[in-house]
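To start, the structure itself, in structure tokens.
We name chains A, B, ... by the order of the sequence lines, and we start the count at 1 in each one. The figures here come from the full heavy-atom set of this structure, side chains too, leaving out hydrogens, waters and symmetry mates.
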2 protein chains.
Amino acid sequence: MPETARPSKREETRRETERAILIAAEKVFAEAGFGGATMQLIADMAGLPKANLHYYFPTKEALYRRVVEDIFEIWLRAAEALDTADCPVRGIGAYIDAKMEISRRHPFGSKVWASEVMHGAPVIQDYLETTLREWTEGRAQAIRRWIADGRMRPVDPHHLLYMLWATTQHYADFGHQIETLNDGRPLSDEEWAAATESVKEIILRGIGAI
Amino acid sequence: MPETARPSKREETRRETERAILIAAEKVFAEAGFGGATMQLIADMAGLPKANLHYYFPTKEALYRRVVEDIFEIWLRAAEALDTADCPVRGIGAYIDAKMEISRRHPFGSKVWASEVMHGAPVIQDYLETTLREWTEGRAQAIRRWIADGRMRPVDPHHLLYMLWATTQHYADFGHQIETLNDGRPLSDEEWAAATESVKEIILRGIGAI
DNA sequence: CCATAACCTGACCAACCGGTCAATGAATAT
DNA sequence: ATATTCATTGACCGGTTGGTCAGGTTATGG
């Protein structure tokens, strides 16, 4: 019988409370921006007194940083889809699938990320200069390989990546606009699938991979 | 000799001051968000005492609304490029040119717009439901016509428009990220041209217009 | 030149926000 | 049982913010 460290009641409560705070914070930061968000509102949404927030996260900035870091990790994890395949159709196709899924499941996170970058990345500038830059260069190399192998047309890898990011994240960041243009209704399952197919079709055909 | 209403000194000063305020406000709102922006900072950047701001714009919200409306107008005006041509290559090509130019010339405005929509369009929701919806439907019809005429492949017009918006605005809204990945340097003239060409090439080919 | 209206501004205020802290309650180890 | 550590909370505080206002300045029309 394995001695799996059973979580003490304290640990468990702590994890649950922290989770509740992070979920509330993600939503409030996304909807109001860093400057517009208030610790009181986050506390109310998490069902806690404000002082308790400062026990878990010393400052508003620390809480915000944690939210952004969590998003960044989800965002990077989805990028693995690009590596598992050896042809652009499967690789980029899977990447678009993954990113569209994130836009659907984590719209608040995507908005917080967008807001952070739009404001000059005051909190995650170091991530941009290290992790993101390395990741981007690696993926650009993979794309150049595909081009050299004649599996797609010669397009600038960076601009292709920007297009992938822009197009997929648009469905989260501008979701409100899309919903308004969709007669005020959120996209249904079928409409999400159609959106994903449209994006894949146009881009994969546009780079000559189909 | 035409009696062109020569502007009185008052009118002229008023227009100049208002312009200075709007330029400062656009920048501050873009960099700090609505919540993070302060009237004091806008006043300092415009070289005015704060109280003077409230003489021109009664509230922070009124000033913000004006900034967003001005952007919306620029944004709509660029859309005329889509109408002047009768084939997708020239129409969509010109539209991409125009939108990329706006991303370059009005990055702050684009960010304010993005931020407004991301936060649920509290100020310009009515514009989304009226002007933008009508414009979108009209353009979707034009695209359907092109498809019916066999000038491009059958793609969902809405998703194509979203891709156009997303891709072009990305160069403004995520300009900081792009700059970081470009070794910290802003895109040069040639790089902007290359970006525009990349976007046009992939999308026009992706919809089968080339 | 004068009266009037438009414009400008320093000083001020109430409201709110992030953060602190001392006191209390609850879980854990001995 | 009880000492000790961890977790919770209401009350509070200094600083900042959007907005006001009375009084001064400048342009304009007669």
Side-chain angles (χ1 to χ4, degrees), chain A residues 3-22 24-29 31-68 112 115 119 122-123, chain B residues 3-22 24-68 112 115-116 119 122-123:
Chain A
E3 184 82 28
T4 58
R6 54 178 172 133
S8 69
K9 179 154 190 172
R10 278 215 176 126
E11 273 185 69
E12 197 179 349
T13 303
R14 183 169 189 94
R15 235 196 324 264
E16 281 173 12
T17 306
E18 192 175 290
R19 169 80 57 176
I21 293 173
L22 286 171
E26 187 181 349
K27 187 169 182 180
V28 173
F29 281 133
E31 289 177 347
F34 178 81
T38 70
M39 295 297 269
Q40 186 63 63
L41 194 60
I42 297 172
D44 291 348
M45 193 161 293
L48 295 168
K50 193 186 65 166
N52 206 359
L53 243 70
H54 283 97
Y55 181 75
Y56 280 82
F57 297 93
T59 66
K60 183 185 178 183
E61 206 174 305
L63 172 56
Y64 174 75
R65 174 181 276 272
R66 173 65 183 278
V67 169
V68 174
V112 175
S115 189
H119 296 0
V123 167
Chain B
E3 184 81 31
T4 58
R6 54 176 172 137
S8 69
K9 179 154 189 172
R10 277 224 174 119
E11 271 186 71
E12 198 179 346
T13 303
R14 182 169 190 93
R15 232 193 330 258
E16 281 173 12
T17 306
E18 191 177 291
R19 170 80 58 175
I21 293 173
L22 287 171
E26 186 180 347
K27 186 170 182 180
V28 173
F29 281 134
E31 288 177 348
F34 178 81
T38 71
M39 296 296 270
Q40 186 64 62
L41 193 60
I42 296 172
D44 291 348
M45 193 161 295
L48 296 168
K50 194 186 68 166
N52 207 359
L53 242 70
H54 282 96
Y55 181 74
Y56 280 81
F57 297 93
T59 66
K60 183 184 179 185
E61 206 174 305
L63 173 55
Y64 174 76
R65 174 181 276 269
R66 173 64 181 278
V67 170
V68 174
V112 175
S115 189
E116 163 70 7
H119 296 0
V123 167

Starting at [atom1] of [X], measure out to [atom2] of [Y] and round the result to the nearest 0.5 Å.
{"X": "A/R15", "Y": "A/E11", "atom1": "CZ", "atom2": "CD", "answer": "6.0 Å"}
{"X": "B/L48", "Y": "B/Y55", "atom1": "CG", "atom2": "OH", "answer": "13.5 Å"}
{"X": "A/M39", "Y": "A/I42", "atom1": "CE", "atom2": "CD1", "answer": "6.0 Å"}

### Task
Mind jotting down which residue pairs meet the salt bridge (charged side-chain N to carboxylate O under 4.0 Å, His left out) criterion with at least one end in residues 47-65 of chain B? Sequence neighbours excluded, please.
B/R65-B/E69

Using nucleotides 23-27 of chain C, report all nitrogen or oxygen pairs with the protein that are shorter than 3.5 Å.
| unit_1 | atom_1 | unit_2 | atom_2 | d |
| --- | --- | --- | --- | --- |
| C/dA27 | N3 | A/R10 | NH2 | 3.2 |

### Query
What is the 5' to 3' range of DNA chain D, first to last nucleotide, that sits under 4.0 Å from any heavy atom of chain A?
D/dT5 to D/dG10

### Query
Any side-chain hydrogen bond (donor to acceptor under 3.5 Å, both in side chains) pairs touching residues 31-44 of chain B, not counting sequence neighbours?
B/Q40-B/D44

### Message
Could you report the tightest heavy-atom contact between B/E116 and B/V123, atom names first, then the distance?
### Response
OE2-N, 2.7 Å

### Closest non-hydrogen atom pair, A/A46 against A/A20
CB-O, 3.9 Å

### Task
Looking at every strand, decide which applies to B/F57 at a 4.0 Å heavy-atom threshold: base, sugar-phosphate, or nothing.
nothing

### Task
Look only at the side chain of B/E18 and the backbone of B/Y56, and say whether a donor-acceptor pair between them is shorter than 3.5 Å.
no

#### Entry: Residue-level proximity of residues 33-52 of chain B to DNA chain D when a heavy atom falls under 4.0 Å
B/A37, B/T38, B/M39, B/K50, B/A51

### Message
Among residues at least two apart in sequence or on other chains, which ones pass side-chain contact (heavy atoms from CB on, under 4.5 Å) with B/A62?
### Response
B/P58, B/T59

### Message
Please tell me if B/R14 has a side-chain N or O lying less than 4.0 Å from either OP1 or OP2 of C/dA6.
### Response
no

### Task
Using the six-membered ring wherever Trp is involved, compare the ring planes of B/F29 and B/F34 and label them parallel, tilted or perpendicular (cut-offs 30° and 60°).
parallel

